[in-house]
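First up is the structure itself, then whatever we jot down about it.
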Amino acid sequence: QVQLVESGGGSVQAGGSLRLSCAADEYAYNGRCMGWFRRTPVKEREGVASITTDIPDTYYADSVKGRFTISRDDAKNMLYLQMNNLKPEDTAMYFCAADVRDYCWVMRGAPYNYEYLGQGTQVTVSS
């Protein structure tokens with residue numbers, strides 16, 4: 001069973017930073033696409049960022065562009081999401097996702113549609 005385990009969530013004041021981490025098993029990590037999405041009671045699912053090794057390339061939702069950075073550490077099979085200048089509207093459960101299919105990059109804006117999903121880590125931003 002493919003494993004993706006998120007960590008790094010927490011509570012922070014607006015303007016602060018957090019770095020989310022996702023530990024992936026080798027199968028998931030060596031897939032073409034990895035990404036982050038978030039879920040709130042109001043906005044059920046929102047793609048946040050994706051990264052592919054193919055081109056390589058990255059994708060960011062407009063709502064996080066310029067504030068969040070997605071990255072990979074190939075030596076550790078880790079995916080990261082550096083979140084700066086956090087806003088209360090960033091409050092959500094954040095999930096890591098991975099996909100090994102050839103066409104996964106067409107879903108870069110919706111990583112919740114990737115094959116494998118983690119269990120999530122909560123981020124709360126107070127004003």
Side-chain angles (χ1 to χ4, degrees):
Q1 185 172 348
V2 173
Q3 285 201 326
L4 299 168
V5 180
E6 302 93 337
S7 61
S11 297
V12 64
Q13 288 194 321
S17 297
L18 284 173
R19 188 177 80 157
L20 305 184
S21 300
C22 174
D25 66 22
E26 195 159 348
Y27 180 75
Y29 192 81
N30 288 331
R32 281 184 163 75
C33 305
M34 296 190 77
W36 295 91
F37 68 96
R38 60 191 182 187
R39 191 175 69 200
T40 68
V42 175
K43 196 169 188 177
E44 189 173 315
R45 294 180 306 184
E46 180 187 14
V48 174
S50 289
I51 188 167
T52 178
T53 56
D54 276 356
I55 305 169
D57 199 3
T58 56
Y59 163 87
Y60 295 96
D62 286 343
S63 57
V64 307
K65 207 171 287 183
R67 299 188 297 121
F68 291 11
T69 303
I70 188 170
S71 63
R72 298 162 54 106
D73 185 334
D74 293 343
K76 299 179 180 178
N77 284 10
M78 294 290 290
L79 180 73
Y80 300 105
L81 185 69
Q82 178 67 43
M83 305 186 295
N84 297 330
N85 191 21
L86 282 160
K87 303 176 181 180
E89 51 263 43
D90 294 318
T91 295
M93 183 74 79
Y94 283 74
F95 298 83
C96 173
D99 202 304
V100 303
R101 294 172 291 186
D102 290 348
Y103 58 87
C104 59
W105 195 235
V106 300
M107 299 182 285
R108 57 190 176 274
Y112 41 82
N113 288 325
Y114 287 172
E115 285 181 288
Y116 308 109
L117 308 179
Q119 295 300 306
T121 185
Q122 178 68 36
V123 171
T124 302
V125 185
S126 58
S127 57

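- With contacts defined as side-chain heavy-atom distances shorter than 4.5 Å, the pair L4/M34 qualifies.
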Enumerate donor-acceptor pairs with a distance under 3.5 Å from any side-chain N or O in residues 86-98 to protein atoms, sequence neighbours excluded.
| residue | atom | partner | partner atom | Å |
| --- | --- | --- | --- | --- |
| D90 | OD1 | R38 | NH1 | 2.9 |
| D90 | OD1 | R67 | NH2 | 3.0 |
| D90 | OD2 | R67 | NH1 | 2.7 |
| D90 | OD2 | R67 | NH2 | 3.4 |
| D90 | OD2 | K87 | N | 2.8 |
| T91 | OG1 | P88 | O | 2.9 |
| T91 | OG1 | V125 | N | 2.9 |
| T91 | OG1 | V125 | O | 3.3 |
| Y94 | OH | R38 | NH1 | 2.8 |
| Y94 | OH | D90 | O | 2.6 |

Problem set entry | Derivation and outcome, side-chain contact (heavy atoms from CB on, under 4.5 Å), residues N113 and F37 | CA-CA 10 Å; N113 288 325; F37 68 96; over 6 Å; no
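- Side-chain heavy atoms closer than 4.5 Å link hydrophobic residues (I, L, V, M, F, W, Y) into clusters, and following such links, possibly through other members, connects V64 to V12.
- Residues L79 and I70 are in side-chain contact: their nearest non-hydrogen atoms beyond the backbone lie under 4.5 Å apart.
- Residue E26 holds its CD atom at 6.0 Å from CG of N77, rounded to the nearest 0.5 Å.
- To the nearest 0.5 angstrom, W36 atom CH2 is 11.0 Å from F68 atom CZ.
- With hydrogens and angles ignored, the 3.5 Å screen pairs no side-chain donor or acceptor of D57 with any backbone N or O of T52.
- Atom CD of Q122 has more than 12 heavy atoms from other residues, nucleotides or ligands within 6.0 Å.
- With a 4.5 Å cut-off on side-chain heavy atoms, W105 and D99 do not count as touching.
- Looking at heavy atoms from C-beta onward, Y59 lies out of side-chain contact with K65 at the 4.5 angstrom threshold.
- In this structure, CG in L18 is found 8.5 Å from CD in Q82, a value given to the nearest 0.5 Å.
- Separating the CZ atom in R72 from the CD1 atom in I51 is a distance of 6.0 Å, to the nearest 0.5 Å.
- For the atom pair C33 SG and Y116 OH, the distance stands at 12.5 Å (nearest 0.5 Å).
- Heavy atoms only, all atoms of each residue included: E46 and S63 are closest at OE2-OG, 2.9 Å.
- Residues V100 and Y103 do not share a hydrophobic cluster, clusters being chains of Ile/Leu/Val/Met/Phe/Trp/Tyr side chains in contact below 4.5 Å.
- Checking side-chain atoms of N84 against main-chain N and O of S17 turns up no donor-acceptor pair under 3.5 Å.
- Rounding to the nearest 0.5 angstrom, the gap separating the OH atom in Y29 from the OG1 atom in T53 is 9.0 Å.
- With a 4.5 Å cut-off on side-chain heavy atoms, E6 and L20 do not count as touching.
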